[in-house]
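Below is one structure; the comments refer to it alone.
Throughout, protein chains are lettered first and strands after them, A, B, ... in sequence-line order, and every chain is numbered starting at 1.
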Number of protein chains: 2
Amino acid sequence: MKPKITLKKIAKEFEVSISTVSKALKGSHEISVELKEKIQAFAKLYHYKPNSIAVRLQNQQTKVIGVVVPDIVHHFFSTVIRGIEEETNKRGYSVMICLSNESYEKEMMNIEMFTNGSVDGLIVSISKETQAKNDYSHFNDLLEDGFPLVMFDRVNDNFKCDKVIIDDVGGAFNATNHLLDIGCKNIALITTPRHVTVGSLRREGYEKAHLKRGMSINENSIIEINETEDLGEQISKLFISNPPDGIFAVNELYAVTAMNRAREKGFRIPDDISVIGFTDGPISQLSLPPLTTVVQHGFTMGKQVAELLLNRIESKEELEPQKIVISTNLKIRKSTKSI
Amino acid sequence: MKPKITLKKIAKEFEVSISTVSKALKGSHEISVELKEKIQAFAKLYHYKPNSIAVRLQNQQTKVIGVVVPDIVHHFFSTVIRGIEEETNKRGYSVMICLSNESYEKEMMNIEMFTNGSVDGLIVSISKETQAKNDYSHFNDLLEDGFPLVMFDRVNDNFKCDKVIIDDVGGAFNATNHLLDIGCKNIALITTPRHVTVGSLRREGYEKAHLKRGMSINENSIIEINETEDLGEQISKLFISNPPDGIFAVNELYAVTAMNRAREKGFRIPDDISVIGFTDGPISQLSLPPLTTVVQHGFTMGKQVAELLLNRIESKEELEPQKIVISTNLKIRKSTKSI
DNA sequence: CTGTTAGCGCTTTCAC
DNA sequence: GTGAAAGCGCTAACAG
């Protein structure tokens, strides 16, 4: 690669000082038109661009924000990131993304790396391993230093930092309620282990909807998916005895797998079993039948997250931490009976 | 946010020089044990971290690589990015991602931004708009300066830079060939407009497979999808007169939509029509029936891309541009008849 | 053992 | 009109 062209080199070329070149390139009126034109032409010819690292060192800000997410091959997260990108770009920032791969170790390293001055602020969604370990010590320094931080979706309530979450309880409540409305008597819940916060929140909504109608929860209708084992087989157990007439699954994958397994067992969707998922991804629309689902508005969420962070970064005073809840809505497709 | 702690401040605190502090924190044996311990304890207490911007300015490298992709809400691209992340992290680099959103303008701005010293090298997959305009002038400066650049998937053959591509022709050939093998006589192709390189390459493979058997191509069996119009309706036209007994679609979405539409028209999959898609995403496995598809190995691709780039960055000499072709394989599921 | 100095590329203030 | 100098935070060669 060719050595980069710098102000210094241009200055030497024209036998003027560095500051003259700097001013000339900025079009300053202090410099003679003639010299300005010559310098600008030369700079263009050699593709001069001010070294952003030097500029950043100068004004002590990077105009970059860091994002640490568990995964990117996941429709919800990539949608949120799109929202973050859009908003940050609009306000003159760039985005640096690191993946934790659901690993505590990688999450810690990513955060460590980001907070050495690489970025002006940080957006994090916590990894599953971190949630399982319940160890958040790697955030302590950030919090003590008042480093601009926004958490989204998978958050920890004990932190005083900005948070943006989906109304998981409400979404699950609405979904379950809808199943109840269309006449389901035995609604199964397919969810994650309890330590995954979104899973337990959605379970809460599911329970609430039952409670509100004075219905009790049948623990046998709830399956917690163990991700290390085969998904289909775990779900199949639902249909062995006392099969449900409604299923609420905490994500698309579980929902569609449940539909497919149910159909294998001879159940018709939605005639015998109505199914609702969470997260409106590509699978929902293309599944057979198209899946009724709780829409999460990831893009909106991303924009909100970015807005919160940038406001904090650019604010003079210390801001009080905020918590924003993004509400969901139920997108009714063909996997649920109509009333 | 609290002001960042610097060597200078620590130096003042202990009334020693900056370099003493620097050495102490590095554990240099030049410094007395006593002083080292005091300084290190102090630094830890105040969360001192060397400012990476200053370090980067110093050694003239950022240890960051930039990635410009059209989209991230797309299983293939996010898989590739995962591969890139994995490989670069392993070698001590971080990744900065920008989205072009399939826009020429944004692509140009992203590249412009990245080449101001923010990153040591660049990975790009070209946007659709750029391909349509066929204007690649925003890469000229990079190429002239010998800036480390690797293109993947959507590449331009006229550039002399490293490239990693999928064997689109071969994959499409195999897919079409398989349909022919199982007895299909009239194979429809659902593809993109010609300017999308991967689309036209896959068409080439489709044609090749026919030619090899001395079969001619029926232009009526080929539909080019116009993305601004309704997908389902465009595909439905296939089934009006002379319906196909095989379909090869250049992506998952087209394939699954075709299956769904075909079924609506009363065709059975795979008994009446066998269908093959391209890209092995989440949809393929969950569709009904599960889709036979050309597997792209995005993760492997990402690793290769990163490897190529890092080798170039770290190499002393000028390397000759390489072109790596990642071969595909056919994953046979239930959407195609068995022989 | 500790300090001085120069320099990375750039901006900005102040002299000339 | 042009240039000199300081400084952003850090490293490293060299001096004491």
Side-chain angles (χ1 to χ4, degrees), chain A residues 1-40 42-43 46-64 113-120 145, chain B residues 1-40 42-43 46-64 113-120 145:
Chain A
M1 177 168 164
K2 280 197 200 145
K4 287 219 168 61
I5 185 92
T6 65
L7 288 187
K8 197 178 182 179
K9 288 181 193 158
I10 302 181
K12 188 179 283 173
E13 182 71 24
F14 288 92
E15 296 188 304
V16 295
S17 78
I18 294 178
S19 42
T20 303
V21 178
S22 174
K23 284 171 188 164
L25 290 177
K26 288 208 149 57
S28 163
H29 43 262
E30 288 180 44
I31 310 295
S32 70
V33 179
E34 192 193 12
L35 184 58
K36 262 195 293 197
E37 280 174 354
K38 277 200 292 186
I39 290 181
Q40 284 171 359
F42 184 89
Y46 286 95
H47 311 145
Y48 171 79
K49 298 206 192 86
N51 180 323
S52 79
I53 302 292
V55 175
R56 291 181 200 176
L57 181 59
Q58 225 13 264
N59 26 221
Q60 299 288 55
Q61 50 168 336
T62 63
K63 290 283 178 185
V64 176
M113 189 275 291
F114 272 139
T115 51
N116 62 4
S118 307
V119 298
D120 293 343
D145 295 343
Chain B
M1 175 168 165
K2 278 194 201 150
K4 287 220 167 60
I5 185 89
T6 65
L7 288 187
K8 197 177 180 180
K9 288 181 192 158
I10 302 182
K12 188 181 283 173
E13 182 72 23
F14 288 90
E15 295 188 306
V16 295
S17 78
I18 294 179
S19 45
T20 302
V21 178
S22 174
K23 284 172 189 164
L25 290 177
K26 288 204 150 59
S28 163
H29 44 261
E30 289 180 41
I31 310 293
S32 71
V33 179
E34 192 193 13
L35 184 56
K36 264 196 293 197
E37 281 175 353
K38 276 199 294 186
I39 290 181
Q40 284 172 358
F42 185 89
Y46 287 96
H47 310 147
Y48 172 79
K49 297 207 191 87
N51 181 323
S52 78
I53 301 292
V55 176
R56 291 180 201 177
L57 181 59
Q58 187 79 217
N59 30 222
Q60 299 288 54
Q61 51 168 334
T62 63
K63 290 282 178 185
V64 176
M113 191 275 290
F114 271 139
T115 50
N116 62 5
S118 308
V119 298
D120 293 342
D145 295 344

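The CG atom of L57(B) sits 14 Å away from the P atom of dA12(D) (whole-angstrom rounding). Rounding to whole angstrom units, CG of residue L25(B) and C1' of dT11(D) are separated by 13 Å. When the C1' atom of dC8(C) is taken as reference, atom CZ of R56(A) falls 15 Å away, rounded to whole Å. As rounded to whole Å, 12 Å separates atom C1' of dT13(C) from atom CD of Q58(A). Rounded to whole angstrom, the span from the NZ atom of K36(A) across to the C1' atom of dT2(D) amounts to 13 Å. As a whole-Å value, the separation of N116(B) CG from dT11(C) P is 12 Å. Put simply, CG on N59(A) is 14 Å from C1' on dG9(D), counting in whole angstrom units.
Two residues are said to be in side-chain contact when any heavy atoms from C-beta on lie closer than 4.5 Å; K63(A) and S52(A) fail this criterion. No side-chain heavy atom of R56(A) sits less than 4.5 Å from a side-chain heavy atom of L57(B). I5(A) has its side chain within reach of F42(A): a pair of non-hydrogen atoms, C-beta onward, lies under 4.5 Å apart.
The minimum heavy-atom distance between L7(B) and S22(B), with the atom names listed, is CD1-CB, 3.8 Å. Between K4(B) and K9(B), the shortest heavy-atom contact is O-NZ, 2.5 Å. Contact between D145(B) and M1(A) at its shortest, heavy atoms only, is O-CG, 3.6 Å. Summarising the geometry of T62(B) relative to G117(B), their closest heavy-atom pair is CG2-O, 3.1 Å, with the distance given to 0.1 Å. Contact detail for I53(B) and N51(B): the closest heavy-atom pair is N-OD1, 2.7 Å.
The base of dG9(C) has none of its N or O atoms less than 3.5 Å from a complementary donor or acceptor on the side chain of Q60(B).
Residues from residues 2-13 of chain B with heavy atoms under 4.0 angstrom of DNA chain C: there are none.
Residues satisfying the side chain to side chain contact (heavy atoms under 4.5 Å, CB included) criterion with K12(B), sequence neighbours excluded, are absent altogether. The salt bridge (Lys or Arg N to Asp or Glu O under 4.0 Å) test applied to E13(A) returns no partner, not counting sequence neighbours. For K49(A), the side-chain hydrogen bond (donor to acceptor under 3.5 Å, both in side chains) partners at least two apart in sequence or on another chain are T115(B).
Among the nucleotides dC8(C), dC10(C), dC10(D), the one closest to any side-chain atom of V55(B) is dC10(D).
In the helix from dC1(C)-dG16(D) to dC16(C)-dG1(D), the end axes, each obtained as the rotation axis mapping the C1' atoms of four pairs onto the next four within a five-pair block, lie 60° apart to the nearest 10 degrees.
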Between the protein and nucleotides 1-4 of chain C, which nitrogen or oxygen pairs come in under 3.5 angstrom?
unit_1, atom_1, unit_2, atom_2, d
dT2(C), OP2, S32(B), N, 3.0
dT2(C), O4, E30(B), OE1, 2.8
dG3(C), OP2, S17(B), N, 2.9
dG3(C), OP2, S17(B), OG, 3.4
dG3(C), OP2, T20(B), OG1, 2.5
dG3(C), O6, K23(B), NZ, 2.4
dT4(C), O4, S19(B), OG, 2.9

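Counting non-hydrogen atoms under 4.0 angstrom, Y48(B) reaches the backbone sugars and phosphates but no base.
Residue S22(B) places at least one side-chain N or O under 4.0 Å from the OP1 or OP2 atom of dT11(D).
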